[in-house]
Amino acid sequence: MIFEPFFLRALLAGLGLAAVAAPLGCFVVWQRLAYFGETVAQAGLIGVALGLALHMDVTWGVMAVALLVAALLLWFGRQKMVGLDSILGLLHHAALAAGVIATSMLQGPPVDLAGFLFGDVFAVTSTDVIVIFGGGALVLAAVAWMWQPLLRLAVHEELAEAEGVDREKIRTVFIVLLAVAIAVAMKIVGILLVMAFLVVPAVAARPLSRDPERMVLLTALIAAGSVVAGLWLSATVDSPGGPSIVIVMSIIAGLSLSWAARGRPAARPIKD
Amino acid sequence: MPHSEGAPAAAPVPCGHGSGRACTHSHATAASAPFDANALISARGLGITRGGRDQLIDVSLDIAPREIVTLIGPNGAGKSTLVRVLLGLEKPDRGRIQRRADLRIGYVPQRFDSDAVIPMTVERFLSLGMDGDRARIARMLEQVDASSVRHQQIGELSGGELQRVVLARALLREPNLLVLDEPAQGVDYSGEADLYNLIGRLRDESGFGVLLVSHDLHVVMARSDRVICLNHHVCCSGIPETVAQHPSYARLFGPQAAHAFAVYRHHHDHSHDLAGMPHPSGPSDDAEQGKP
């Protein structure tokens, strides 16, 4: 089975995704954007309905909706009455509700919602693999181009801005990249697991890293290893592909965090 | 409840103390006054209103080269807001700022998240966006007395260590204006005095101007050339000894704070409500106040 074309395509797509998600995932963890990404990913369901209704590849619909939600988040974030976490909650639920309504109103054969929620890594086509590698190369090039300002913002936003880093521009580009990556990754691991792919390998790598570049490298290696192990698991015990990958990386992350937490007091020491 | 919305925000708060050297600010640097061409940075008539409350009211100031200016005022007086506006992090609702063409700011922010999630050594942090010359970094860390943390993770530093490292970063940028927002937070008392002495010494050597934010005049006294006392508007400004004797200072910081300094006599020309907003009150006899 592991030499079947569909299996090789799944392997290639997963490895490509592991490489693209690594730097983005590290910044998501460094800048505490996990819930932000979660909301954007959740909104992808509307994009799925949009794509199906317009008879387009759902990837484009997801990308458009992800960008719209990101723009709304930035816009709502300008007011100071309600915190960003609450705005995320609002959009998160609105997106899910709108997505379910939209898919239910589509005409034609019933939509395989579970397929979009959990993805089917073994249904990846050759075109998908090309899109992942092409789009992934573009995303990686963009991240490399703004690596220094991104790092400076991740260390201390205000300091970076005072030193002349264009915070608005860098943040906007980063969010666009994130939306693109989510739209592409969704097809493979599904909406619910897409953020796992962005967050979990980076979480696993953090306690084992002492500088940012090595953390990105380690994140990519952990993700790639999880893809190989997860697909092997899937082929062996016939478990679903995407969740199998995620469960492998989650176990690695759990072990890594346990290692970091050993011998530490229960409450975080207050540094001052 | 008194609310500032009724008052025209742009209207200057009458200070009354138009003459006398204690209050050099009020009329010489009004919103319409020309910029000081020699100053590193000049502000005229800055105003910021947030949520219907005036955070800054008609604030004007100049920082000259080599000058150490200390901004003091109680918590919530708008000190950090003023710094953010001067740094260009926030746009003022009113007023203008002029920066000298070659202005290069080194900034030490008030709070530096010390449990940074990003893995990074001190040395790497000090080369981010700069040339990263290791010998230079080592020399600078030695100057701020933080050589021992060079290879440590920034997330593992104590507050005082972090403060010194951020100061080193600001200095590595070779600024002509150093801006420090409450740099002594998380530093013990003797560490605080050391810090100010260090800043003063570096100023003497490198010749940059310094804008220092503090909520306590005592410690910064010795090293400040000029003190600006801020409570949404500029209450008073001048050399430290003069400001210490000014009634605004006593009112903001309590009689004990002024006790250490010379006796003064004075009637207040304005009061502050619970939100710290200035209101004119009573007849003013401040004309006397500047006299020896």
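Scope of the values below: all heavy atoms of this structure, side chains included, with no hydrogens, waters or symmetry mates. Throughout, a chain's letter reflects where its sequence line sits, starting with A, and its residues are numbered from 1.
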Write down the atom of [X], the atom of [Y], and the distance for their closest heavy-atom approach.
X	Y	value
Phe125(B)	Leu159(A)	CZ-CD2, 4.1 Å
Pro212(A)	Met120(B)	CG-CE, 3.8 Å
Ala162(A)	Leu89(B)	N-CD2, 3.7 Å

Open item on the list: Looking at chain B, which one of Glu163(A), Arg152(A), Met215(A) has the largest number of heavy-atom pairs inside 4.5 Å, strictly under?
Closed with: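 Heavy-atom pairs under 4.5 Å are most numerous for Glu163(A).
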Task: Option in Glu213(A), Arg167(A), Met81(A) with maximal non-hydrogen atom pairs under 4.5 Å from chain B - done: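 So the answer, after comparing Glu213(A), Arg167(A), Met81(A), is Glu213(A).
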Open item on the list: Does His156(A) form a side-chain contact (heavy atoms from CB on, under 4.5 Å) with Arg169(B)? I'd like the steps, not just the answer.
Closed with: CA-CA 12 Å; His156(A) 197 282; Arg169(B) 178 175 170 87; over 6 Å; no
Open item on the list: Could you tell me if the side chain of Leu128(B) sits less than 4.5 Å from the side chain of Val155(A), heavy atoms only?
Closed with: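 Yes, side chains in contact.
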- [ ] Would you indicate whether the side-chain heavy atoms of Arg210(A) and Pro119(B) approach each other to under 4.5 Å?
- [x]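 No. Closest side-chain heavy atoms not under 4.5 Å.
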TODO: Take Leu151(A) and Arg124(B) through the test side-chain contact (heavy atoms from CB on, under 4.5 Å) and record every step on the way to the result.
DONE: CA-CA 11 Å; Leu151(A) 278 183; Arg124(B) 181 69 202 281; 3.5 Å; yes
Task: Gap separating the CD atom of Glu123(B) from the CG atom of Asp211(A), nearest 0.5 angstrom - done: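 Taking CD in Glu123(B) and CG in Asp211(A), the distance rounds to 11.5 Å.
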Open item on the list: Quick check for you: to the nearest 0.5 Å, what is the distance between Ser80(B) atom OG and Glu158(A) atom CD?
Closed with: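 Ser80(B) OG to Glu158(A) CD: 8.0 Å, rounded to 0.5 Å.
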Task: Salt bridge present between Arg84(B) and Glu161(A) (N-O < 4.0 angstrom) - done: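 Looking at Glu161(A) together with Arg84(B), the answer is no, because their closest N to O distance does not fall below 4.0 Å.
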Task: For Tyr35(A), all residues meeting ring pair (Phe, Tyr, Trp, His ring centres under 6.0 Å), sequence neighbours excluded - done: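 Scan of Tyr35(A) (ring pair (Phe, Tyr, Trp, His ring centres under 6.0 Å), adjacent residues dropped) gives His92(A).
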Got more than 12 heavy atoms from elsewhere within 6.0 Å of [atom1], [X]?
X	atom1	value
Arg136(B)	CZ	yes
Glu142(B)	CD	no
Arg134(B)	CZ	no

Open item on the list: Using heavy-atom distances under 4.5 Å, tell me whether Arg173(B) contacts chain A through its side chain, its backbone, both, or neither.
Closed with: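 Only the side chain of Arg173(B) comes within 4.5 Å of chain A.
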Open item on the list: Is Ile105(B) close to chain A through its backbone or its side chain, or both, or neither, when contacts mean heavy atoms under 4.5 Å?
Closed with: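 Contact with chain A: none, neither part.
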- [ ] Considering only heavy atoms, give the residues of residues 243-259 of chain A separated from chain B by less than 4.5 Å, sorted numerically, with 'none' for an empty result.
- [x]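 So no residue qualifies.
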Open item on the list: With chain A as the partner, which of Ala170(B), Pro109(B), Gly88(B) has the greatest number of non-hydrogen pairs under 4.5 Å?
Closed with: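 With the most close heavy-atom pairs to chain A, the winner is Pro109(B).
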